[in-house]
Every structure is written in C-alpha cells, then in structure tokens.
Protein chains: 2
Amino acid sequence: MENQEPQIAHMSAAQPKMPASSSRILYDIPCKVCRDHSSGKHYGIFACDGCAGFFKRSIRRNRQYVCKAKSKGGCMVDKTHRNQCRACRLAKCIQAGMNKDGN
Amino acid sequence: MENQEPQIAHMSAAQPKMPASSSRILYDIPCKVCRDHSSGKHYGIFACDGCAGFFKRSIRRNRQYVCKAKSKGGCMVDKTHRNQCRACRLAKCIQAGMNKDGN
DNA sequence: GTAGGTCACATTGACCGAG
DNA sequence: CTCGGTCAATGTGACCTAC
C-alpha cells in the first residue's frame, strides 16, 4: 500500500492548538516513530497513542508482519502512511528504541 | 503503505480447489481489478466480492480518496495490496470498467 | 507520568435473499 | 445470474485508571 486517507478510524483532525499543558498531548514533542504529536513516553520513547497502541498489540499478540512492498522494508512511516505497512511500522518502532520493558 | 498482511479481515485462505461449480467462486476467472478469484460480474465486470463491496461502498457514500504515495496514483492493486490505497483501488475499479449501473 | 485495558468507530469481504 | 443489504471479524487510536 502507499497512501490512503480515512484508512484510520479516528484520524485526529487539526489540533485546536491548546495551551500545551491542559491536554494529554505534547504538541511540541513529536512521536519518534511517525512524527505525530506524542503523548509522553511509551515503551521507552516519546510516541503518539497510535504507535504506542500498535506496538502494544503487536507485542502482546506476537505479530509477525511482512513488508510486501517492492522496496522491502522501505515504507515511509509518518502520520499519513503509518497504517500502510505494519511490518515497517513495527520495525521503525523497534529501531526508534521501543521495547517491552520501556527503558 | 506498501505491504502488510492481515490488513484485511477475512483474508480467505488457500482455496480447497473445489469442483469449480459447487461454489459461488469462479476459480478460473480473475477479478479484473485485483486478480483475486472473482464471484461473477459486479457493476459490469468480473470482480471479487472484495472489490465489488469496496466499489459499492465508495459509490454509495460518495467517497473521495486521495493517493498519498510519492508516485501519485501508481499504487499496485492486487489481492495483496488492494487495501493499501483506496484512491488507486477505486481508480482501477473505474478504469477496469465498473460503473454504478453495471453494464 | 506511563502501562494496560477498554471501546467507539470504521473497514473489509463473505454470504443471503430478492428480483 | 447480479444487486443491495447485512454482519462477523479485525484494527486503530483516544481515554481512563491503577500503579
């Protein structure tokens, strides 16, 4: 896959630009995996709820994803494409430093 | 996105190679959109249940998808990648000849 | 302040009855 | 036969609570 749009369920809309303190979301610290706004550290790194949840599910269920792109393992992983390739998303989570014991 | 795997819900497993007549599935006629096994004509062309359902929903809800790949509109659309890019899947459905009034 | 759990929501595709 | 409708399965990500 390569694109899409509503692919995700609750694709968060543009943030109201809050006081950056009254919310759970850290508007200035990007998710180390997809660059979306993070919501604190998760499994060792600053990550958004999406990537944290994805990593959580992948680990818990022992998921083995396979990148089906021509350029194996080269899928872009940002807020827009993160749901296009689970294999590359998980790989980037790990590469970014995520680990089960969060440290 | 570029790959994946369980992306789809009920990814049909390898077919038991039925008598090719006792089932709804036409094992010898591929879906003109994704090459998966078709299940007869849908909206004008031989298509699988997946592409037929996708086209049905897209039309009914007047979906406007946007291809987010670098190579705009160049996403592969086969059984494996069909859920990677809705924009390209719909484009290919139309290009393959699908139309609301099936003819 | 993060792990873990929960859950509303959305999509997919197999199947069914109607015509 | 195809169409439209239905629905079980599944994933996503926003939240909440406990620690």
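We name chains A, B, ... by the order of the sequence lines, and we start the count at 1 in each one.
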From B/Lys92 NZ over to B/Cys31 SG, what is the distance, rounded to the nearest 0.5 angstrom?
8.0 Å
In this structure, how many angstroms lie between the [atom2] atom of [N] and the [atom1] atom of [X], rounded?
{"X": "B/Leu26", "N": "C/dC15", "atom1": "CG", "atom2": "P", "value": "13 Å"}
{"X": "A/Phe54", "N": "D/dG13", "atom1": "CZ", "atom2": "C1'", "value": "13 Å"}
{"X": "B/His42", "N": "D/dG5", "atom1": "NE2", "atom2": "P", "value": "15 Å"}
{"X": "A/Phe55", "N": "D/dG11", "atom1": "CZ", "atom2": "P", "value": "17 Å"}

So which one's nearest nucleotide on DNA chain C is more toward 5', B/Arg61 or B/Cys48?
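Looking at DNA chain C, the more 5' nearest nucleotide goes with B/Arg61.
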Parallel, tilted or perpendicular, judged at 30° and 60°: which one describes the rings of B/Tyr65 and B/Phe54?
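Answer is parallel, since the angle falls under 30°.
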Across the strands shown, which category fits B/Gly50 at heavy-atom distances under 4.0 angstrom: base, sugar-phosphate, nothing?
sugar-phosphate
Could you tell me whether A/Arg60 contacts a base, only the sugar-phosphate backbone, or nothing, with contacts defined as non-hydrogen atoms closer than 4.0 Å?
sugar-phosphate
Presence of [X] side-chain N/O under 4.0 Å of [N] phosphate oxygens OP1/OP2:
{"X": "A/Arg86", "N": "D/dG11", "answer": "no"}
{"X": "B/Asn83", "N": "C/dG13", "answer": "yes"}
{"X": "B/Arg57", "N": "D/dC3", "answer": "no"}
{"X": "B/Lys100", "N": "D/dG4", "answer": "yes"}
{"X": "B/Arg89", "N": "C/dG13", "answer": "yes"}

A/Lys41, nearest nucleotide to its side chain (from C/dT2, D/dG13, D/dC15):
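Among the listed nucleotides, the one closest to the side chain of A/Lys41 is C/dT2.
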Against the side chain of A/Asp49, the closest entry in D/dG13, C/dT6, C/dA3 is D/dG13
Closest non-hydrogen atom pair between B/Arg89 and B/Val33, with its separation
O-CG1, 4.3 Å
